[in-house]
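All values derive from a computational prediction rather than experimental measurement.
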Amino acid sequence: MPDSPQQPQQLPAFTYWPTFPFEGDIRVKRLLDPVPVEPPRHGDNPAECRACAAPDEAYIWVSDRWRVRALDRPTGLPAVLILESRSHLDLGDLPNMLAAELGVMTVRLERAIRSLDGVARVHVNRWGDGAAHLHVWFLARPYGRLQLQGTFLALWDDILPPIPEDRWRENLALVAAWLAEFGGRPLAEPPRINWTAPTSLAEREAEAQPDDALEPAAATEENSDVVVPEPAEGNGDAPDSTAEEREAKGGGSAQHERSPIQP
């Protein structure tokens, strides 16, 4: 009897969630057989651990026992940061003092990231399958982006276009400054402001104006036909004449003394 064709595997329910970042024809990968021995993680040999060899300058904030680093470039989220222990330890290897400090540092770093403009929530994740040196991920979810809620935020970080670099650097500097309020040393610097000197600004404005706008206005030609009236009585330096004198000169009454001068 011929084998019946294999029925396609039904997709799990999360593929229909509004937060799932993919749509269209999707197939589930074939699950591989388990390996008898798992390969070593990076840093299982402490002499080869990149986290131990990294200088403090590669981090945005450092203290005696903890360091916080960012990725090497902006990504789609406002901030993606990693908290690392300075000592080469994994999560289950932490002594009680560092285990207690890990709780404090987790809350402190979450608050610092959540204080950034446009951040609604901070996702905290620890996987540990890739590297043996303890590292905890902090991912900032943008405010109002409800489609980024939940499980798939790390996937959306790779899908979304990167945020502007100046905003990314400013966010790192703000988080480092927040942490430094409780100790340690901030190493992230805000982006440089491109100041324009006043003289340079004036030169740019002058270059933008047309040549005729820079020439002084032409002097107004004198119009010989315009009659300039004499100052009215009482406005000059000489004392006002009496009413009798005005009547003798003009032959009119005092009611005409405020009449306009005719050309």
> So, does S87 use its side chain to make a donor-acceptor pair with the main chain of L89 at under 3.5 Å?
Replying inline: no
> For D56, what residues pass the side chain to side chain contact (heavy atoms under 4.5 Å, CB included) criterion, not counting sequence neighbours?
Replying inline: V62, R67, R86, R185, L187
> What distance do R145 atom CZ and W156 atom CH2 have between them, rounded to the nearest 0.5 Å?
Replying inline: 9.0 Å
> Mind checking what makes side chain to side chain donor-acceptor pair (under 3.5 Å) contact with Q147, not counting sequence neighbours?
Replying inline: none
> For R69, does its backbone N or O pair with a side-chain atom of W61 as donor and acceptor, under 3.5 Å?
Replying inline: no
> Residues two or more places apart in sequence or in another chain: which of them pass ring pair (Phe, Tyr, Trp, His ring centres under 6.0 Å) with H42?
Replying inline: none
>> Are the side chains of I82 and V68 in contact, using a 4.5 Å heavy-atom criterion?
In response: no
> What residues form a ring pair (Phe, Tyr, Trp, His ring centres under 6.0 Å) with H133, not counting sequence neighbours?
Replying inline: H88
> Is any side-chain N of the basic residue among D44 and R41 closer than 4.0 Å to the acidic one's carboxylate O?
Replying inline: yes
>> Closer than 3.5 angstrom, by distance alone: can the side chain of D157 be matched with the main-chain N or O of L77 as a donor-acceptor pair?
In response: yes
> Residues in side chain to side chain contact (heavy atoms under 4.5 Å, CB included) with P190, at least two apart?
Replying inline: A173
> Looking at CG of L153 and CZ of R141, how far apart are the two atoms once the value is rounded to the nearest 0.5 Å?
Replying inline: 8.0 Å
>> Going by side chain to side chain donor-acceptor pair (under 3.5 Å), name the residues that satisfy it together with R108, two or more places apart in sequence or in a different chain.
In response: none
>> What I'd like to find out is whether the side chain of R169 reaches to under 4.5 Å of the side chain of E189, using heavy atoms alone.
In response: no
> Hey, does V104 have a side-chain heavy atom less than 4.5 Å from the side chain of W66?
Replying inline: no
>> Holding to side chain to side chain contact (heavy atoms under 4.5 Å, CB included), I want the full list of residues that pass it with T15, two or more places apart in sequence or in another chain.
In response: L11, P12, F20
> Would you say V122 and L139 make side-chain contact, with heavy atoms under 4.5 Å?
Replying inline: no
> ring pair (Phe, Tyr, Trp, His ring centres under 6.0 Å) with F138: which residues, sequence neighbours excluded?
Replying inline: none
>> The criterion is side chain to side chain donor-acceptor pair (under 3.5 Å); which residues satisfy it with R65, sequence neighbours excluded?
In response: E101
> For the residue pair A70 and L81, what are the closest heavy atoms and their distance?
Replying inline: CB-CD2, 3.6 Å
> Does any non-hydrogen side-chain atom of L83 lie less than 4.5 Å from one of L102?
Replying inline: yes
> Do you know which two heavy atoms are closest between T151 and W17, and how far apart they sit?
Replying inline: OG1-CZ3, 4.2 Å
> Taking it one step at a time, do V175 and L109 satisfy side-chain contact (heavy atoms from CB on, under 4.5 Å)?
Replying inline: CA-CA 8 Å; V175 171; L109 183 52; 3.8 Å; yes
> Should Y143 and V119 count as side-chain neighbours, where that means a heavy-atom distance under 4.5 Å?
Replying inline: no
>> Which residues pass the side chain to side chain contact (heavy atoms under 4.5 Å, CB included) test with P186, not counting sequence neighbours?
In response: A176, A180
>> Determine whether E84 and Y59 satisfy the following criterion, side-chain contact (heavy atoms from CB on, under 4.5 Å), listing intermediate values before the conclusion.
In response: CA-CA 10 Å; E84 295 178 356; Y59 293 75; 2.7 Å; yes
> For the residue pair W178 and F182, does the interplanar ring angle fall in the parallel (under 30°), tilted (30 to 60°) or perpendicular (over 60°) class?
Replying inline: tilted
> Less than 4.5 Å apart, any side-chain heavy atom of T75 and any of I163?
Replying inline: no
> Which residue pairs pass the salt bridge (charged side-chain N to carboxylate O under 4.0 Å, His left out) test when at least one of the two sits in residues 116-131, sequence neighbours left out?
Replying inline: D90-R126
> Are any of the side-chain heavy atoms of P142 and P78 separated by less than 4.5 Å?
Replying inline: yes
> By side chain to side chain donor-acceptor pair (under 3.5 Å), which residues pair with R167, not counting sequence neighbours?
Replying inline: none
> Roughly how far, to the nearest 0.5 Å, is CG of L148 from CD1 of I159?
Replying inline: 9.0 Å
>> Test your reading of the model: is there a side-chain donor-acceptor pair from N171 to the backbone of A79, 3.5 Å cut-off?
In response: no
